[in-house]
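Notes follow the structure.
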Amino acid sequence: MLSNHYPVTAVKDIIGAGGTIVKENTISVLLTDSRRITNAAEGLFFALSGRRNGHEFIAEAYAAGVRNFVVTHQTEIKMPEANFLLVGDVLGALQKLAAYHRSRFKLEVIGITGSNGKTIVKEWLYQLLTPDKNTVRNPKSYNSQIGVPLSVWQINDKDELGIFEAGISTVNEMDKLEAIIKPSIGVLTHIGPAHDEGFESRRQKVLEKLKLFKHARLLIHNYDQLVGYEKDIPVKERFTWSTRFKQADLYVFTETVIRRNFYLRAIYKEKEIECLIPFMDEASVENAIVCWATMLAMGYSPAAADDRIERLNQVSMRLELKNGINNCSVIDDTYNSDVQSLEIALNFLNQQNQHPKRTLILSDIYQSGLQDDILYSQVADMIETKGINKFIGVGEALDKYRDSFTVPEKYFYKDTNTLLQRLKELKLDNETILIKGSRSFEFERVSQALALKAHETVLEISLNALLNNLNFYRAKLKPGVKVMAMVKAFSYGSGTFEVANMLQYNKVDYLAVAYIDEGVALRAGGITLPIMVLNPEASAFDKLVENKLEPEIFSFGLLDEFVKYAQTSGLSNFPVHIKIDTGMHRLGFEEHDVDILCDLLEENKYIWVQSVFSHLVASDAEEHDEFTKKQIRTFEWAYKKIEQALGYKFIKHIANTSGITRWPQAQFDMVRLGIGLYGIDTALPEGANGLQPVATLKTSVSQVRKVQANDTIGYNRNGKLANGGKIATVRIGYADGYLRSFGNGVGKMLVNGEYAPTVGNISMDMCTLDVSNIDVREGDEVIVFNDELKIEELAREIGTIPYEILTNVSQRVKRVYFYE
Ligand SMILES: *Cc1c(COP(=O)(O)O)cnc(C)c1O
């Protein structure tokens, strides 16, 4: 028996399920998402209940060929070949199966947890330890209640070491993960504020994390971090490190920067030892020390540890989506290549619908633990199920198995150089291209050849953060309340179809844009969700109708124009959205218009009222709460009247982002989520509030120079350094959206982790920073805003609101999307 193949009858016993087995099958793949099905015949689908109930997707999975299901109840639809395993708790069953699988293997397992650095430490330990042992680890950052079981399921007979990270967001989660991972060695990474909101106190959070180490024999941790927790540490043997306390097992006493590396010296077993870390930023250095301590604790000699750590590679778990040559989109995932991460990348490729064709450039896959014939037939199957149109294989192994691939178009090259020389014959044009390669293939060169060059100022959008924020608000909704995502103004500056495709894939109900053109662009980008247009112009009604966009109707004039248009174009029951003005006084029908409006809508067969809505003026501001209540009352009065007149039901909605947070009684049938999606909600406390900033604006240093006390900097001679000093010119100016009001010290940027104020006036394409006390070189990255230097802070500096900072980033600044 292969190590992770189970007869379905055995699975039934392991998870203690009821139900009958109609046909014995082999299970080798665990499926939790009907949109992501591979190897359906050997799949076991878990109908997990999340925001949507997984039972709704059983039919879809059955149609895709899945025959085995873990469910709480059988569905009505006939599926004669399906085995239904009945359980009380589907997630619990998934976890039980994974825990059973884990228990069959005697390998050493390192369990990692902490607030930050889990994934990096896991990936680095993998780089450091895999030369000696066949190692299995979580794909990407699969560290949740679902991700951990899926990760552990990959363990097979050949593995000698497992490295698994566990992430939690609230109490009573770690015991479950511990039972699945069962680490013999524990590693605790940095503890910070992340997920504080899920716990009563920092102490409670730390204690929950420590539960991962319940059965471990050895724990590696920062000495300082667990002062005061000595009694709570469940492990006998500890290996500690510290930069402050001499009693730690590894006491790091000096750090020096040498040629962009960190050189550390420490006392270990009463001897002085050293280690060179090929990174400069504080977080990387801390994570590297954690790895150093772990290697020593595991018995590696200081020399061996230093030798490997010196050669650590940067870890990027992110897929990057960017614009490419010939109207292509490029998804760059050139960091690593294994079957699991290939699948994740293919799923991401599939959710982007902006081009008719999907192309994969793939290198040979190393260290899969599988024999080549099995590996590449798996890969070929996966590529076929995911609907790849064009396949480009690079490497000798792929070439050898070229006949396994049945895609419409395929090309094989023996190495990266040959591919680059013959790129033209691929005729890449208007397609989405996924580039995925093992590190030694240096696919970053392929990515450079295919992606458009960004002028070095980019706005990075984290699609994970966006999804986190969507789910944050979804969790606040009453059952059945729909979400309309506001993607007007290029999704508040964050992009167009890239963001919309992500929202569509994650099943929001509606999108809204400001103008018809914005809606047309979304349709061209493969968006099929219903789209409301807030401000439709009569001259473009043709385009509106052709593209199935739904107009907001806010005045009698517009109503009249649209009805006439509908009549002459032979439309009937065309969906429209009626806007009521309850106090904003921009657009909409007022209270005294409602009677006449009812008369006009009644028996009007050309249009169909899809929704009636209004907009809150100050949902985030306590001082206006009485006004908000009045708005909600007026809205209720108006929609009831319209509903009576029409005799049919429509969707009602009034709440924007802060409305969702502060006015749960005003959710009605739908909410309109705007700025919250992008990580900002002024109605929430600042700091760790559960939202994640979505956007990072980055630029770089073009020149560094010394200035004297009497020199002036920039236009109009406004900039001066009283005692002279050093300035850096960076590639961002007011034409990029860095407003002139940030000049002369009002704004600041992050340069190599330090704050540098502006000096002098902001120019059109560049500005200057005071970097007198900062180690900086030409080409260094500069952060304009990110999760540390927040958009809210920038808004405060110049007396505006975060909305304006976000939407100001000009279209000249390239957008790059990340997905981890
Ligand atoms: C922009 C907009 C929203 C979203 O507001 P946020 O405060 O960004 O959530 C909701 N409704 C309408 C009509 C809008 O124009």
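As the structure lists them, so they are numbered: ligands from 1, and atoms in each ligand from 1.
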Under 3.5 Å between any N/O of [X] and any N/O of ligand 1: does that happen in this structure?
X: Gly676; value: no
X: Lys488; value: yes
X: Thr657; value: yes
X: Leu534; value: no
X: Lys579; value: no

Asp620, Asp681, Thr628 screened by side chain to side chain donor-acceptor pair (under 3.5 Å) with Ser658, the one that passes: Asp681
Those atoms of ligand 1 less than 4.0 Å from some heavy atom in [X]:
X: Ile675; value: 6 (P), 8 (O), 9 (O)
X: Gly674; value: 4 (C), 6 (P), 8 (O), 9 (O)
X: Met486; value: 2 (C), 3 (C), 4 (C), 10 (C), 11 (N), 12 (C), 14 (C)

Could you tell me if [X] sits above the aromatic ring of [Y], with its cationic atom closer than 6.0 Å to the ring centre and no more than 45 degrees from the axis?
X: Arg35; Y: Tyr505; result: yes
X: Lys476; Y: Phe472; result: yes
X: Lys652; Y: Phe668; result: no

Considering heavy atoms of the protein only, find what lies nearest to [atom] and give residue, atom and distance to 0.1 Å.
atom: atom 11 (N) of ligand 1; result: Arg672 NE, 2.8 Å
atom: atom 7 (O) of ligand 1; result: Tyr803 OH, 2.6 Å
atom: atom 8 (O) of ligand 1; result: Tyr492 OH, 2.6 Å

Any Met484 heavy atom less than 4.0 Å from ligand 1: no
Straight-line distance of Tyr734 OH to Leu739 CG, nearest 0.5 Å: 11.5 Å
Centroid-centroid distance, Trp608 to Tyr648, less than 6.0 Å: yes
Asn689 side chain vs Pro685 backbone, donor-acceptor pair below 3.5 Å: yes
Donor + acceptor pair across side chains of Arg731, Ser700 (<3.5 Å): yes
